[in-house]
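Each chain gets a letter, A, B and so on, in the order its sequence line appears, and its residues count up from 1.
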2 protein chains.
Amino acid sequence: MDAAERLVESTRALLWERGYTGTSPRAIQERAGAGQGSMYHHFRGKPDLAAAAIRRTADELRSRARDQLAAPGPALARIEAYLRRDRDVLLGCPVGRLTQDPDVLADPTLHAPVAETFDWLCAELSAVLAEGITAGELSPALDPDDTAATIVATLQGGYVLARAAGSRDPFDRAIQGALSLLKAATP
Amino acid sequence: MDAAERLVESTRALLWERGYTGTSPRAIQERAGAGQGSMYHHFRGKPDLAAAAIRRTADELRSRARDQLAAPGPALARIEAYLRRDRDVLLGCPVGRLTQDPDVLADPTLHAPVAETFDWLCAELSAVLAEGITAGELSPALDPDDTAATIVATLQGGYVLARAAGSRDPFDRAIQGALSLLKAATP
DNA sequence: GTCTATAACTCGATAGAC
DNA sequence: GTCTATCGAGTTATAGAC
């Protein structure tokens, strides 16, 4: 792994742990084992480096969501597989956490990948839900877009509750509760 | 309003907008119209001031949740009133946002009010849900604790989605989706 | 109780040697 | 391509005058 690569990975880790404001170029360099000169040679500065890191993190999230949502099988089973997938719950969502950083939201280059990720995820889930309704797995009374937003919100909020509690328990309960509600909503 | 009071209110506003790491004593002082000396006379430093601000914000959240949840009326109606209450969606939750700040989670004095707030809120909602099940409004198949966690997570995640989208739409959709699922889960 | 001055440090970024 | 030195500003906090 060359220096530019290590700098991006280091930035990804620090943005996840400490957010944009809490991440200093100095900390990025130390973690990457690179010096000032190296960093400012490869990147114009902190926003440039953050843009590269956020784009990669967003791409990875999409790719991992596709693994479960685009798999073969019944709609509800794919949603359950996605919700129950192994996650580092106490670390929170590396994309969702960026929405708490006003400096990220204020910079269109940093904000755009975050907005696109959740737009894409809601649309993808909505399509799977619509499929489940057509197949007779889910009640036609459910609105796919609304329900998709509820599912993504349950995940994002589950992370918040887990970090507040210092335990993954509330996350697991929130997921279980959402799945129970979905399973109760059969035609 | 005296200086100490203005300093706490100023800290509350800044913690909400910019988080703990993003909030400097200087910014607190400027917003409060108080000087360095005044601040360090009334408070030992940034963590002390933040502790006072967080305690007050947490108390206020609980008090406002009680307004809807402890009101008279059927269980489901109280939950809907709580979920549909007027909110500054794009500002996010002033308590939930603190879970993204590692410096808050690392300090027990700052972390405790955050943990207690969500513990209390989940317990309160769980009690209302249990009441709804007993009254025959909701299916006995629902687990009150799980469902309560799902509801709180939907709110917290709804804020995340709204800030990501730069619009309150996904928040409203997530709430609507959760209410539709709850209403579909009748005995 | 509030002020100003200052300390010791980190911030994000640039300059210029090698 | 990476280094070290340095910049000016901002950080949290203390000291001491008033």
Side-chain angles (χ1 to χ4, degrees), chain A residues 1-57 97-98 100-111, chain B residues 1-55 97-98 100-111:
Chain A
M1 206 159 50
D2 64 1
E5 186 60 22
R6 290 200 312 276
L7 283 161
V8 172
E9 285 303 314
S10 159
T11 306
R12 264 161 40 91
L14 286 165
L15 285 181
W16 194 358
E17 280 172 32
R18 312 212 23 95
Y20 185 79
T21 304
T23 296
S24 68
R26 172 181 241 274
I28 293 169
Q29 293 152 26
E30 267 172 24
R31 188 166 190 142
Q36 294 262 78
S38 179
M39 186 191 116
Y40 282 101
H41 172 76
H42 292 290
F43 300 92
R44 273 165 300 179
K46 177 172 158 171
D48 189 34
L49 200 35
I54 292 174
R55 272 196 304 272
R56 185 176 298 181
T57 297
R97 90 98 64 223
L98 298 169
Q100 300 304 326
D101 228 310
D103 296 342
V104 169
L105 300 192
D107 181 338
T109 309
L110 303 180
H111 189 165
Chain B
M1 203 159 52
D2 65 0
E5 186 61 20
R6 290 200 313 277
L7 283 161
V8 173
E9 284 304 313
S10 160
T11 306
R12 262 157 47 88
L14 286 165
L15 285 181
W16 194 359
E17 280 173 31
R18 312 212 22 95
Y20 184 80
T21 305
T23 295
S24 68
R26 173 180 239 272
I28 292 169
Q29 294 152 28
E30 266 171 26
R31 188 167 190 141
Q36 295 261 79
S38 179
M39 187 192 116
Y40 282 101
H41 171 77
H42 292 289
F43 301 93
R44 272 165 301 179
K46 177 173 159 172
D48 189 33
L49 200 34
I54 292 174
R55 272 197 304 271
R97 92 94 70 223
L98 299 170
Q100 300 304 327
D101 227 311
D103 296 342
V104 169
L105 301 192
D107 181 338
T109 308
L110 303 180
H111 189 164

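For the residue pair B/Leu7 and B/Ala34, the shortest heavy atom distance occurs at CD2-CB, 4.1 Å. Taking both residues in full, the closest heavy atoms of A/Pro102 and B/Arg97 are given as CD-NH2, 3.9 Å, listed atom of the first, atom of the second, then distance.
Rounding to whole angstrom units, CG of residue B/Asp48 and P of D/dT12 are separated by 15 Å. For the pair A/Glu5 CD and D/dT2 P, the computed distance is 13 Å after rounding to whole Å. Atom P of nucleotide D/dC3 and atom CD of A/Glu30 are separated by 13 Å, given to the nearest angstrom. Rounded to whole angstrom, the span from the CG atom of A/Asp103 across to the P atom of C/dC11 amounts to 15 Å. Taking atom CD on B/Gln29 and atom P on D/dG10, their separation rounds to 14 Å, with Å as the unit.
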Please write out each protein N/O paired with an N/O of nucleotides 15-17 of chain D under 3.5 Å, distance rounded to 0.1 Å.
none

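Every residue two or more places apart in sequence or in another chain that forms a salt bridge (Lys or Arg N to Asp or Glu O under 4.0 Å) with A/Glu30 is listed here: A/Arg26. Qualifying side chain to side chain contact (heavy atoms under 4.5 Å, CB included) partners for A/Ala51, counting only residues two or more places apart in sequence or in other chains: A/Arg55, A/Thr109, A/Leu110. By the salt bridge (Lys or Arg N to Asp or Glu O under 4.0 Å) test, A/Arg6 pairs with no residue at all, sequence neighbours left out. Scanning for side-chain hydrogen bond (donor to acceptor under 3.5 Å, both in side chains) contacts around A/Glu9 gives A/Arg12, A/Arg56, with sequence neighbours left out.
An angle of 10°, rounded to 10°, separates the two end axes of the helix from C/dG1-D/dC18 to C/dC18-D/dG1, each defined over five pairs.
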Taking only distance into account, with no hydrogens and no angle test, what donor-acceptor pairs under 3.5 Å do side-chain atoms of residues 38-46 of chain B form with protein atoms, sequence neighbours excluded?
| from | atom 1 | to | atom 2 | distance (Å) |
| --- | --- | --- | --- | --- |
| B/Arg44 | NH2 | B/Asp48 | OD1 | 3.2 |
| B/Lys46 | NZ | B/Tyr20 | O | 2.8 |
| B/Lys46 | NZ | B/Thr23 | O | 2.7 |

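Going from atom NE2 of B/His111 over to atom CG of B/Leu98 covers 10.0 Å, rounded to the nearest 0.5 Å. Distance check, rounded to the nearest 0.5 Å: CD of A/Gln100 to OG1 of B/Thr21 gives 12.5 Å. Between atom CZ of residue A/Arg31 and atom OG1 of residue A/Thr11 there is a gap of 10.0 Å, rounded to the nearest 0.5 Å.
Contacts with DNA chain D (heavy atom under 4.0 Å) in residues 39-47 of chain B: B/Tyr40, B/Gly45, B/Lys46, listed by number. Annotation: proximity of residues 12-26 of chain B to DNA chain D (heavy atom, distance under 4.0 Å) is found for B/Thr23, B/Ser24, B/Pro25, B/Arg26, numbered in ascending order.
Listed by first and then second residue, the salt bridge (charged side-chain N to carboxylate O under 4.0 Å, His left out) pairs that reach into residues 101-111 of chain A are A/Asp103-B/Arg18, sequence neighbours excluded.
With a 4.5 Å cut-off on side-chain heavy atoms, A/Thr57 and A/Leu15 do not count as touching.
If you find the closest nucleotide of DNA chain C to A/Ala27 and to B/Ala3, the one lying nearer the 5' end belongs to B/Ala3.
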